[in-house]
Amino acid sequence: MKYKTLKGLQDILPPDILIWQHIETISRDIFKIYGYQEIRLPILESTDIFIRSIGETSDIVEKEMYTFQDKGGRSITLRPEGTASFVRAYVEHHLYNNAVPQKYYYMGPMFRYERPQAYRYRQFYQIGAEAMGIEDPKLDAELISMLARILNGAGLENLNFEITSIGCKHCRPAYKNALKNFLQSKLNGFCGDCQRRFEINPLRILDCKVPDCIASRHGSPPVIDYLCEECKGHFDGLKHYLKMLRVPHTINPNLVRGLDYYTKTAFEVTSESLGSQKAVAAGGRYDGLVNEFGGPPAPGIGFAIGMERIVPLIKDSLKKSEYPDLFICPIGPEESEEALILAEQLRENGLWIEINYDKSSLKSQMRKAGRLGARNVIVLGEDELKKREVVVKDMMSGTEVKTSIDIQELIKAIKA
Ligand code: HAM
């Protein structure tokens, strides 16, 4: 076979897809009770949207975007994340005029040209949520609590909720200074990218994955020590409300997000079962982004869950396959037509029905039913049609129940 998926991409096949659907259903149900509405955004956007929001010196923008020129010569990018597209839509459609808080969720593929490894893909799926218009840390706590409810509801256990505050434009200059003072004398130990970022955006040095850079920045001052009064109060509020809502969490002053748009609250949910790619979800506040995109000053906060990282953590008990409720084995051409009709009538009642389409022998039909894992089988022959009676055979127990060919009677026998 010559053709294969591209490196870092994967096909999601049954029965694994059942887990994906399970997570999506749980998420939708939980979003509903918190008032989040679905929003579907394009996968392609203008490249500037991501440069402007994620940041020119971020790894995503510098190294990981799938960017190309379309036939009209415009620079287009496959979205590497959902927040930038969401904020573009929020401003474009004046969603800020709706009653606050405005709450939205999305599900879909994102694209980053990263080095593929376990749990790190070039196309990956996120379930994201964004809540707009409220600055109060009660909203932050509620959003993190909702995230916990989704992850727990999906069957995940032993997760760490790590939180921090990364300040705002008022506290950042003092922090940048402190960081630069710390890094200055060690600069030779950093990679070329970090040396360049030192002048433009030293905060990005904290996010570099190069082992020498990780070692060289050890002991750097945490931003949490440089928060202004407002950010400090906001962070205290968040901790208080999380405690009130009984969301177990730890404070991680060294938590760094790879995207530039964050202000104040930042968080990551990690699992030790995943090795180096341990973040199963992450998010934070971005109070300046709407304004940056030409909208009114409107605060925002959100998160995104990485599907490929939570699917492997779901308990095996959920990995059950689904099987047909009934397989119909017709014996001749007349019975075959009857089977076609009968199947449609039973499906109208929500049952999964399979039939045999060709002229194969009864023995081979029974084998097909077995391979599909059909729970019940009926044989439709001349005699059955004449008497309008069939035998429903339970394939697991071998029990047989005789019943008339009447939809309600058949359903009763199949469900029994
Ligand atoms: P992020 O931290 O870049 O944040 O991604 C969120 C999650 O997506 C990660 O925690 C991880 O589970 C998953 N993820 C990221 N990259 C990959 C990859 N290459 N392969 C598999 N999974 C991956 C954001 O994207 C922000 N937009 C979240 C947000 C929403 N902040 C505010 N609102």
Side-chain angles (χ1 to χ4, degrees), residues 1-13 20 24 37-97 102 104-117 119-130 132 193 196-197 200-201 204 207 209 257-262 282-283 286 288-296 298 300 302-309:
M1 173 66 185
K2 265 205 249 156
Y3 299 118
K4 285 188 158 183
T5 48
L6 296 173
K7 198 172 162 192
L9 274 62
Q10 61 170 350
D11 300 313
I12 302 142
L13 307 172
W20 287 64
E24 288 162 5
Q37 290 177 294
E38 185 172 1
I39 182 164
R40 293 196 190 185
L41 302 160
I43 286 170
L44 293 174
E45 296 273 1
S46 230
T47 304
D48 338 330
I49 285 174
F50 302 114
I51 299 180
R52 187 83 189 255
S53 54
I54 300 169
E56 222 159 348
T57 49
S58 63
D59 270 1
I60 295 180
V61 169
E62 279 192 348
K63 303 174 188 165
E64 297 168 2
M65 294 206 304
Y66 280 90
T67 297
F68 59 94
Q69 284 209 336
D70 71 2
K71 292 196 186 337
R74 302 168 201 90
S75 180
I76 302 285
T77 294
L78 278 171
R79 62 179 185 197
E81 59 111 39
T83 311
S85 308
F86 164 72
V87 172
R88 194 263 313 133
Y90 181 78
V91 174
E92 184 174 339
H93 303 287
H94 312 291
L95 299 180
Y96 44 79
N97 287 332
Q102 299 107 9
Y104 302 92
Y105 76 89
Y106 48 85
M107 300 179 178
M110 307 292 159
F111 305 84
R112 296 185 193 172
Y113 194 79
E114 294 194 78
R115 197 168 48 78
Q117 62 179 77
Y119 313 117
R120 191 163 75 191
Y121 296 92
R122 290 182 172 167
Q123 175 176 335
F124 57 96
Y125 286 76
Q126 286 187 342
I127 295 181
E130 315 287 352
M132 309 300 292
D193 282 344
R196 192 168 39 80
R197 287 165 178 170
I200 331 167
N201 191 357
R204 286 272 66 93
D207 189 36
K209 317 280 184 312
R257 301 286 294 124
L259 309 105
D260 271 1
Y261 51 64
Y262 289 113
Y286 46 90
L289 194 53
V290 174
N291 207 210
E292 183 83 7
F293 272 32
F303 64 73
I305 300 172
M307 286 293 276
E308 288 77 1
R309 299 203 184 160

D48 bridged to R52 by N-O distance under 4.0 Å: no

Once salt bridge (charged side-chain N to carboxylate O under 4.0 Å, His left out) is applied, do any residues pair with E62, and if so which ones, sequence neighbours excluded? R196, R197

Could you walk me through whether D260 and R204 pass the salt bridge (Lys or Arg N to Asp or Glu O under 4.0 Å) test, one step at a time? CA-CA 8 Å; D260 271 1; R204 286 272 66 93; 2.3 Å; yes

Checking S46 side chain against I49 main chain: does a donor-acceptor pair fall under 3.5 Å? no

Qualifying residues under side-chain contact (heavy atoms from CB on, under 4.5 Å), relative to A304, sequence neighbours excluded: Q126

Nearest 0.5 Å, please: how far is CE in M107 from CD1 in I305? 8.5 Å

Separation between CG of L78 and CE of M110, rounded to the nearest 0.5 Å: 11.0 Å

side-chain contact (heavy atoms from CB on, under 4.5 Å) involving K4 - partner list, sequence neighbours excluded: none

Separation between CD1 of I60 and CD of E114, rounded to the nearest 0.5 Å: 7.5 Å

Sequence neighbours excluded, which residues qualify as side-chain contact (heavy atoms from CB on, under 4.5 Å) partners of T67? T47, M65, S75, T77

Minimal non-hydrogen separation, I43 against P109, with atom names: CD1-CG, 3.9 Å

Can you list the steps and then say if I12 with M307 is a side chain to side chain contact (heavy atoms under 4.5 Å, CB included)? CA-CA 11 Å; I12 302 142; M307 286 293 276; over 6 Å; no

Heavy-atom side-chain proximity of Q123 to Q10 below 4.5 angstrom: no

By ring pair (Phe, Tyr, Trp, His ring centres under 6.0 Å) - contacts of F68 (at least two apart): none

Which residues satisfy the ring pair (Phe, Tyr, Trp, His ring centres under 6.0 Å) test with Y125, sequence neighbours excluded? W20

Is it true that atom CD of E38 has more than 12 heavy atoms of other residues, nucleotides or ligands lying nearer than 6.0 Å? yes

Tell me if the OH atom of Y96 is crowded by more than 12 foreign heavy atoms within 6.0 Å. yes

From CZ (R112) to NZ (K63), nearest 0.5 Å: 14.0 Å

Partners passing ring pair (Phe, Tyr, Trp, His ring centres under 6.0 Å) against F124 (at least two apart in sequence or in another chain): none

Sequence neighbours excluded, which residues qualify as salt bridge (charged side-chain N to carboxylate O under 4.0 Å, His left out) partners of R88? E45, E92

Just to verify, what does R122 make a side-chain hydrogen bond (donor to acceptor under 3.5 Å, both in side chains) with, not counting sequence neighbours? none

Nearest heavy-atom approach of I54 to S58 is CG2-OG, 3.4 Å

Rounded to the nearest 0.5 Å, the CG atom of L41 sits from the OH atom of Y90 at a distance of 14.0 Å

Pairs in or reaching into residues 73-87: which pass salt bridge (charged side-chain N to carboxylate O under 4.0 Å, His left out), with residues at least two apart or in two chains? D70-R74

Hits for ring pair (Phe, Tyr, Trp, His ring centres under 6.0 Å) against Y105, two or more places apart or cross-chain, chain-then-number order -> F31

Validation row: Y66, P80 side chains within 4.5 angstrom (heavy atoms): no

Atom pair CG (D59) and CG (L259), whose distance is rounded to the nearest 0.5 Å: 10.0 Å

Looking at residues at least two apart in the chain, or sitting in another chain, which of them share a side-chain contact (heavy atoms from CB on, under 4.5 Å) with Y286? T83, F86, V87, E130, M132, Y261, L289

